[in-house]
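For reference, the structure is listed below as structure tokens.
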Amino acid sequence: MRRREFIKNSSMIGVGAYTASKLGILELNKFPGGKMASPVIISTWNFGTKANEVAWKALSAGSNSLDAVEQGIRMIEEDPNIMSVGYGGLPDELMDVTLDASIMDWRGNCGAVGALPKIVHAVSVARTVMERSKHVMLVGEGAYEFALAHGFKPTDLLTDKAREAWLKWKDNLGPDNNWLGPHDMNDLDGNHDTIGLLVLDSKAHLSGGVSTSGLSWKIHGRVGDSPIIGAGVYVDGKVGAAASTGVGEANMRIVGSHLVVESMKAGASPQEACEIAIRRAIEVHSKVLKKDKSFQLAYIGIDVRGEVGGAAIRKGFQYAVRKEGTNKLIDSKFLYND
Ligand code: ASP
């Protein structure tokens, strides 16, 4: 019996999932002919193709998946034209740019920063939290002081373009406006959302990370899903990894990246696992989905054999997959039509 059939046929989900997960792990660790894995990289949105290239170069130069994740995300963080991540990211209601990021490796090590001001490379601060402290997450001023103490240099993250966008938002803010504003940032030169990057290296070691300036015009002090391990990103080194983008509050309610990876552990393919999480999000948010047309949430996933998947609530999400010889932008499957 195939592993998936075994799971489908198992009536007692608890016992079935436990046994299947043990079988799954054995199976997933087998590579054809006992060879090492071929690297595979998957990331969110169209800027993912750039991040993939940087991560691929890092792997080619001998870096492991963790370094490749950090390198790929750093490249997006320093690009001022990407107005949802790092330098140039859109500010909060008080015109402050604050960043959320996290990183996790195949050994279960993880680190995160929330509402971090004035530091471009939030993902590297998250990695420093992981490697140089006993904690998993630091936020706000404390995270900033920790970063300075570890040699990060302060930078004004607000670009003129982001300031102008803020002024426009403020000018048009009427009593009926949704305070958080439309989440769909199509009007901003096609720039979108969180960079989520998952890397499988040639030793079959998985790592993942996410970085974002969060929802534009967010309430000062708001922390999104990206630094919440299990929501923004999750890695189980024996099974797979997942990352998310979209309305963070929706993702936090279902701890979606963890759900994706646990579903893989129970036998789902990465594609099936992403769809399971999206179906859960739709179920939990059915009322708001009817009212708010810009409400979007998406997941990407990869397993230890390098199989990938992606799913979104609505049309429009894209993810980029880098393998030997190709770097493709894929239109994600979406599960909600209205
Ligand atoms: N998930 C991010 C947040 O809520 C934003 C996004 O990916 O669109 O902060």
Side-chain angles (χ1 to χ4, degrees), residues 40-56 65 68-77 79 81-86 89-90 99-104 122-123 126 183-186 188-200 206-216 224-228 231-235 240-248 250-251 256-257 260-261 270-271 273-275 277-278 281 295-302 308-323 327-335:
V40 181
I41 300 172
I42 178 167
S43 59
T44 53
W45 300 113
N46 58 357
F47 50 56
T49 52
K50 287 192 226 162
N52 285 2
E53 264 334 293
V54 174
W56 191 267
S65 57
V69 164
E70 185 185 4
Q71 294 305 317
I73 292 179
R74 281 175 67 94
M75 197 263 185
I76 305 302
E77 287 176 332
D79 186 338
N81 295 316
I82 296 170
M83 298 180 75
S84 56
V85 181
L90 290 173
L99 308 179
D100 292 342
S102 63
I103 194 161
M104 187 163 188
V123 73
H183 190 61
D184 181 355
M185 299 206 283
N186 274 320
L188 289 165
D189 302 331
N191 289 311
H192 293 269
D193 310 305
T194 303
I195 174 69
L197 181 64
L198 308 172
V199 175
L200 177 75
L206 277 166
S207 298
V210 282
S211 182
T212 184
S213 50
L215 296 184
S216 48
D225 57 324
S226 298
I228 312 292
V233 71
Y234 195 70
V235 179
S244 178
T245 179
V247 179
N251 183 31
S257 289
V260 172
V261 175
Q271 181 60 38
C274 290
E275 290 179 29
I278 289 297
F295 191 95
Q296 174 67 304
L297 185 64
Y299 295 97
I300 53 170
I302 182 169
V308 295
I313 291 186
R314 287 194 158 90
K315 194 173 179 202
F317 175 56
Q318 292 182 304
Y319 56 94
V321 179
R322 178 70 162 100
K323 293 178 182 174
N327 191 11
K328 278 193 198 147
L329 191 61
I330 294 167
D331 287 324
S332 169
K333 188 165 172 187
F334 58 96
L335 304 184

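Interatomic distance, I330 CD1 to F317 CZ, rounded to the nearest 0.5 Å: 10.0 Å. Note: S332 OG to I300 CD1 = 10.0 Å, rounded to the nearest 0.5 Å. Rounded to the nearest 0.5 angstrom, L197 CG and T44 OG1 are separated by 8.0 Å.
No donor-acceptor pair closer than 3.5 Å links the side chain of D193 to the backbone N or O of G246. Side-chain atoms of N251 come within 3.5 Å of backbone atoms of G256 as a donor-acceptor pair (strictly under, hydrogens ignored). The main-chain N or O of A101 is never found under 3.5 Å from a side-chain atom of S226 such that the two would form a donor-acceptor pair. With R314 contributing its side chain and F295 its backbone, the two residues share a donor-acceptor pair below 3.5 Å. Remark: side-chain polar atoms of S244 are paired, donor with acceptor, to backbone N or O of A298 under 3.5 angstrom. Side-chain atoms of N327 come within 3.5 Å of backbone atoms of T49 as a donor-acceptor pair (strictly under, hydrogens ignored). Checked by atom type and distance alone, the side chain of Q271 pairs as donor or acceptor with a backbone atom of G310 at under 3.5 Å.
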CA sep, side-chain torsions, deciding dist, call: F334, I278, side-chain contact (heavy atoms from CB on, under 4.5 Å): CA-CA 9 Å; F334 58 96; I278 289 297; over 6 Å; no

side-chain contact (heavy atoms from CB on, under 4.5 Å) evaluation trace for Y234 with V260: CA-CA 9 Å; Y234 195 70; V260 172; over 6 Å; no

side-chain contact (heavy atoms from CB on, under 4.5 Å) between C274 and Y319, intermediate numbers included: CA-CA 13 Å; C274 290; Y319 56 94; over 6 Å; no

Full working for side-chain contact (heavy atoms from CB on, under 4.5 Å) between T212 and I195: CA-CA 7 Å; T212 184; I195 174 69; over 6 Å; no

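Between I302 and the options I41, V235, L200, a side-chain contact (heavy atoms from CB on, under 4.5 Å) holds for only L200.
Annotation for S84 and F47: closest pair OG-CE2, 4.2 Å, computed over non-hydrogen atoms. In terms of heavy atoms, N52 sits closest to A320 at ND2-O, 3.1 Å. Shortest non-hydrogen contact noted between G240 and L206 is CA-CD1, 3.4 Å. For W45 against G316, the heavy-atom pair with the smallest separation is CZ3-O, 3.7 Å. Between I73 and S211 the shortest heavy-atom distance is CG2-CB, 3.5 Å. Taking both residues in full, the closest heavy atoms of L99 and A122 are given as CB-CB, 3.9 Å, listed atom of the first, atom of the second, then distance.
Proximity of V247 to L297: side-chain heavy atoms (C-beta onward) are nowhere separated by under 4.5 Å. Taking 4.5 Å as the limit, some side-chain heavy atom of V233 sits within range of a side-chain heavy atom of L198.
Every residue two or more places apart in sequence or in another chain that forms a salt bridge (Lys or Arg N to Asp or Glu O under 4.0 Å) with E70 is listed here: R127.
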